[in-house]
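Structure, as structure tokens:
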Amino acid sequence: MAFHEVRFPDNISRGARGGPERRTQIVELASGDEERNASWADSRRRFDVSYGIRRADDLAAVIAFFEARNGRLHGFRFKDWSDYKSCAPSGIPASADQQIGTGDGIETEFQLVKRYTSGSQTWTRTITKPVTGSVKVRRNATEATTGWTVDTTTGIITFAAAPAIGVVIRAGFKFDVPMRFDSDALDVTLDIERLGSITSIPLIEIRR
């Protein structure tokens with residue numbers, strides 16, 4: 001179950017179709033009322049990248065990527081063009097974007113997260129695959145350019161010295177989604193001009 005720290009081709013992922021999925025159980029009672037229960041605490045993203053294939057070279061690139069990952073065996077990075085920043089889609093990631101923790105004088109490690117808020121409800125998403133060179137960190141109102149490192153394979157920020165009690169830690173970043181192929185077969189159709197096409201190439205987010 002190895003993970004390959006390589007990104008699916010951006011020019012193809014840009015045309016992908018998909019997004020977040022949740023699992024909810026709904027029971028309809030005899031009265032017509034409903035009982036709803038969430039089976040998953042977190043969402044999971046699914047994409048079909050066949051829509052991004054426009055040329056024979058794109059098809060060849062996908063087949064090569066599929067073979068190098070051994071089908072569903074190995075995970076990889078994927079850029080979700082609809083959601084890949086700690087800020088709004090039109091913005092540029094800044095160190096004040098997301099609060100990732102508060103110092104207690106002891107803890108040195110903080111996990112990158114992104115919060116989604118609507119009304120009074122907020123869902124917190126764990127970010128495990130930040131993009132190298134994109135992470136910015138802030139202590140209270142001051143951006144920290146030194147004294148910390150980020151593990152781009154886990155999304156964990158590690159400070160050389162534990163932030164003092166009450167210090168608010170914030171971060172800004174770009175990130176990828178850990179994905180894998182959701183099929184061990186690619187059904188390729190070759191047309192008369194030998195351009196080729198694939199009916200569906202499903203990808204699914206890896207949750208650990």
Side-chain angles (χ1 to χ4, degrees), residues 1-10 13-14 16 19-20 40-47 49 65 68-70 72-89 91-117 122-182 203-208:
M1 292 176 27
F3 189 92
H4 294 174
E5 294 291 337
V6 60
R7 184 193 275 177
F8 188 87
D10 285 353
S13 65
R14 194 179 187 96
W40 296 350
D42 298 319
S43 60
R44 190 178 199 182
R45 280 148 179 78
R46 288 182 181 271
F47 293 94
V49 294
F65 196 89
R69 307 287 87 73
N70 285 18
R72 294 187 296 175
L73 184 61
H74 301 300
F76 52 87
R77 288 173 172 260
F78 180 84
K79 183 174 183 176
D80 175 2
W81 287 86
S82 68
D83 186 4
Y84 66 95
K85 302 176 184 178
S86 56
C87 57
I92 298 174
S95 60
D97 286 346
Q98 302 288 328
Q99 182 172 337
I100 62 172
T102 303
D104 60 4
I106 299 174
E107 185 61 57
T108 59
E109 295 185 347
F110 297 84
Q111 177 70 56
L112 291 179
V113 298
K114 181 176 180 180
R115 289 179 173 82
Y116 299 75
T117 300
T122 297
W123 173 63
T124 302
R125 177 183 182 184
T126 300
I127 303 299
T128 60
K129 299 296 177 183
V131 175
T132 299
S134 73
V135 180
K136 300 177 180 180
V137 173
R138 172 180 296 237
R139 294 187 182 98
N140 285 336
T142 304
E143 183 167 335
T145 56
T146 61
W148 60 271
T149 58
V150 58
D151 187 338
T152 56
T153 68
T154 63
I156 294 176
I157 300 288
T158 302
F159 286 91
I165 296 174
V167 172
V168 176
I169 309 301
R170 306 182 71 91
F173 46 85
K174 295 180 181 179
F175 62 94
D176 294 324
V177 184
M179 305 284 285
R180 64 169 173 80
F181 286 98
D182 199 26
L203 308 182
I204 188 168
E205 183 177 0
I206 298 172
R207 298 193 309 192
R208 297 181 181 179

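Just so it is clear, the values below take in all heavy atoms, side chains as well, and ignore hydrogens, waters and symmetry mates.
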Is it possible for you to check whether Arg207 lies under 6.0 Å from the centre of the six-membered ring of Trp40, through NZ or CZ, and within 45° of that ring's axis? yes

Within 45° of the six-membered ring axis of Phe47 and under 6.0 Å from that ring's centre, is NZ or CZ of Arg45 located there? no

Within a strict 4.5 Å, meaning less than it, do heavy atoms of the [X] and [Y] side chains meet?
| X | Y | value |
| --- | --- | --- |
| Val135 | Trp148 | yes |
| Asp97 | Lys85 | no |
| Thr128 | Thr154 | no |
| Phe65 | Val6 | yes |
| Ile169 | Arg138 | no |
| Phe78 | Val49 | yes |
| Ile127 | Gln98 | no |
| Leu112 | Phe175 | no |

Partner set under ring-ring contact (aromatic ring centres under 6.0 Å, His included) for Phe110, not counting sequence neighbours: Phe159

Can you tell me how far the [atom1] atom of [X] sits from the [atom2] atom of [Y], to the nearest 0.5 Å?
| X | Y | atom1 | atom2 | result |
| --- | --- | --- | --- | --- |
| Lys174 | Ser134 | NZ | OG | 7.0 Å |
| Tyr84 | Ser13 | OH | OG | 10.5 Å |
| Met179 | Ile204 | CE | CD1 | 7.5 Å |
| Ile156 | Thr126 | CD1 | OG1 | 10.0 Å |
| Thr142 | Arg170 | OG1 | CZ | 13.5 Å |

Evaluate side-chain contact (heavy atoms from CB on, under 4.5 Å) for Val131 paired with Arg7, printing each intermediate quantity in order. CA-CA 10 Å; Val131 175; Arg7 184 193 275 177; 3.6 Å; yes

Heavy-atom closest contact ([X] atom, [Y] atom, distance):
| X | Y | result |
| --- | --- | --- |
| Asp104 | Glu107 | OD1-N, 2.7 Å |
| Arg72 | Asp182 | CD-C, 3.6 Å |
| Trp81 | Arg14 | CZ3-NH1, 2.5 Å |
| Cys87 | Pro93 | SG-N, 3.5 Å |

Trace of the side-chain contact (heavy atoms from CB on, under 4.5 Å) decision for Arg69 with His4: CA-CA 8 Å; Arg69 307 287 87 73; His4 294 174; 2.8 Å; yes

Is there a donor-acceptor pair under 3.5 Å between the side chain of [X] and the backbone N or O of [Y]?
| X | Y | result |
| --- | --- | --- |
| Lys129 | Thr152 | no |
| Ser86 | Phe173 | yes |
| Gln111 | Gly155 | yes |
| Asp151 | Thr153 | yes |

Picking from Val137, Thr132, Thr158, Ile157, what satisfies side-chain contact (heavy atoms from CB on, under 4.5 Å) with Val150? Ile157

Specify whether Phe181 and Phe76 have parallel, tilted or perpendicular ring planes, treating 30° as the upper limit for parallel and 60° as the lower limit for perpendicular. tilted

Is the number of heavy atoms from other residues, nucleotides or ligands within 6.0 Å of NZ (Lys79) greater than 12? yes

Report yes or no: do Trp123 and Asp42 form a side-chain donor-acceptor pair below 3.5 Å? yes

Does the side-chain contact (heavy atoms from CB on, under 4.5 Å) test come out yes or no for Asp83 and Arg125, once each step is laid out? CA-CA 12 Å; Asp83 186 4; Arg125 177 183 182 184; 3.2 Å; yes

Taking it one step at a time, do Gln99 and Thr102 satisfy side-chain contact (heavy atoms from CB on, under 4.5 Å)? CA-CA 8 Å; Gln99 182 172 337; Thr102 303; 3.4 Å; yes

